Amino acid sequence: MKPLPQEYFFNSDVVYLAEDLIGKKLCTNIGGHYTSGIITETEAYCGRNDKACHSHSGKRTARTEIMFHEGGKAYVYLCYGIHNLFNITTNIEGLADAILVRAIQPVDGVEIMLQRRKKGDVDKTLTSGPGTLSQALGIDRSLYGSELSGPEIWIEETALPPDGEIVSTTRIGIDYAGDDALLPWRFYLKNSKWVSKY
DNA sequence: CTAACGATTCGCT
DNA sequence: GCGAATCGTTAGT
């Protein structure tokens with residue numbers, strides 16, 4: 001277990017970090033089971049001047065509280081009453097930025113992921129989507145506020161694949177954000193099949 | 001206290 | 001392709 005240093009997440013450029021996290025390995029050790037996957041898709045959310053972000057314009061509530069703390073923690077919240085969506089908080093105390101992890105490529109503990117997802121075979125529906133990857137890795141709201149330096153959840157350095165071209169597009173499912181829905185703050189590996197949507 | 005809604009997914013047509 | 005599922009959070013009464 002070699003987690004990225006906490007300072008990595010203090011970076012004030014959340015859009016840069018969202019792109020930089022592509023290709024790194026997200027690992028969990030939950031319920032005695034080690035699982036991991038390469039991050040293939042992310043979205044940046046900025047606490048200032050971004051209406052798509054839960055913490056936009058200083059909207060500090062019980063749910064968004066953790067984003068206002070220093071970066072490097074897990075922000076997990078329930079979406080549509082069903083799905084646990086996993087975010088990485090970034091920036092320093094008081095600046096509420098976060099990065100949503102939307103898809104991963106399974107690496108370790110595939111059998112456990114299949115079991116958690118109640119699937120028989122490995123295909124892109126196993127971990128390509130913010131709700132499904134959380135389920136596969138065993139992430140739920142009990143991890144809200146956890147340090148991303150382990151021991152339950154952490155992120156490790158890895159090398160990008162040789163053909164690891166990253167592309168950016170608009171974010172998914174945030175039409176309510178007006179002009180901010182047009183920002184190209186979604187990143188994914190161009191040649192990966194482990195991406196939620198194209 | 002009450003009501004509306006969502007950074008989605010899955011199953012059925 | 002379309003609609004239901006499902007409940008915590010939020011804002012308003």
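Just so we're clear, the structure is a prediction, and the values are computed from it rather than from any experiment. Residue numbers begin at 1 in each chain, while the letters A, B, ... track the order of the sequences.
- Ring centers of Y198(A) and Y188(A): under 6.0 Å apart, within the cut-off.
- The interatomic distance linking K51(A) (NZ) with dC5(B) (C1') rounds to 19 Å, in whole Å.
- For DNA chain B, runs of at least 3 consecutive pairs of the Watson-Crick or G-U wobble type, with both hydrogen-bonding distances under 3.5 angstrom, map to B:1-6 with C:7-12, B:8-12 with C:1-5.
- A distance-only check finds a donor-acceptor pair linking the side chain of S134(A) to the backbone of N84(A) [under 3.5 Å].
- In this structure, H33(A) and M113(A) have side chains that are not in contact, with every pair of non-hydrogen atoms separated by 4.5 Å or more.
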Full working for salt bridge (charged side-chain N to carboxylate O under 4.0 Å, His left out) between E157(A) and K2(A): CA-CA 8 Å; E157(A) 188 70 62; K2(A) 292 180 184 170; over 6 Å; no

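- The nearest whole Å value for the distance from the OH atom in Y77(A) to the P atom in dC5(B) is 17 Å.
- The nearest whole Å value for the distance from the CG atom in D140(A) to the C1' atom in dT8(B) is 17 Å.
- Among the protein residues, T125(A) comes within range of no part of the nucleic acid, since none of its heavy atoms lies under 4.0 Å from any strand.
- Atom pair F86(A):CZ and dT8(B):P shows a separation of 16 Å (rounding to whole Å applied).
- Contact annotation for R102(A): backbone-only contact, meaning every heavy-atom pair under 4.0 Å involves sugar-phosphate atoms and none involves a base.
- The NE2 atom of H56(A) sits 13 Å away from the P atom of dG6(B) (whole-angstrom rounding).
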May I have the step-by-step check of side-chain contact (heavy atoms from CB on, under 4.5 Å) for I30(A) and R116(A), ending in yes or no? CA-CA 12 Å; I30(A) 292 165; R116(A) 285 178 176 145; 4.2 Å; yes

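- In this structure, the side chain of K24(A) does not engage the main chain of I155(A) through any donor-acceptor pair within 3.5 Å.
- Between the side chain of T64(A) and the main chain of T61(A), a donor-acceptor pair closer than 3.5 Å is present.
- In this entry the distance linking CD of E41(A) with P of dA7(B) reads 16 Å, nearest Å.
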For a quick check, with a 4.0 angstrom heavy-atom cut-off, what is the B/S/- contact string for nucleotides 3-13 of chain C, read 5' to 3'? --BBBSSSS--

If you apply the rule salt bridge (charged side-chain N to carboxylate O under 4.0 Å, His left out), what do you find for D163(A) with K190(A), and how did you get there? CA-CA 9 Å; D163(A) 62 345; K190(A) 186 179 179 183; over 6 Å; no

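- For Y77(A) and Y75(A), the ring centers sit closer than 6.0 Å to each other.
- Nearest-nucleotide positions on DNA chain B for I174(A) and Q135(A) put I174(A) closer to the 5' end.
- Looking at heavy-atom distances under 4.0 Å, R186(A) makes no contact with the nucleic acid at all.
- The nearest whole Å value for the distance from the NZ atom in K119(A) to the P atom in dT9(B) is 11 Å.
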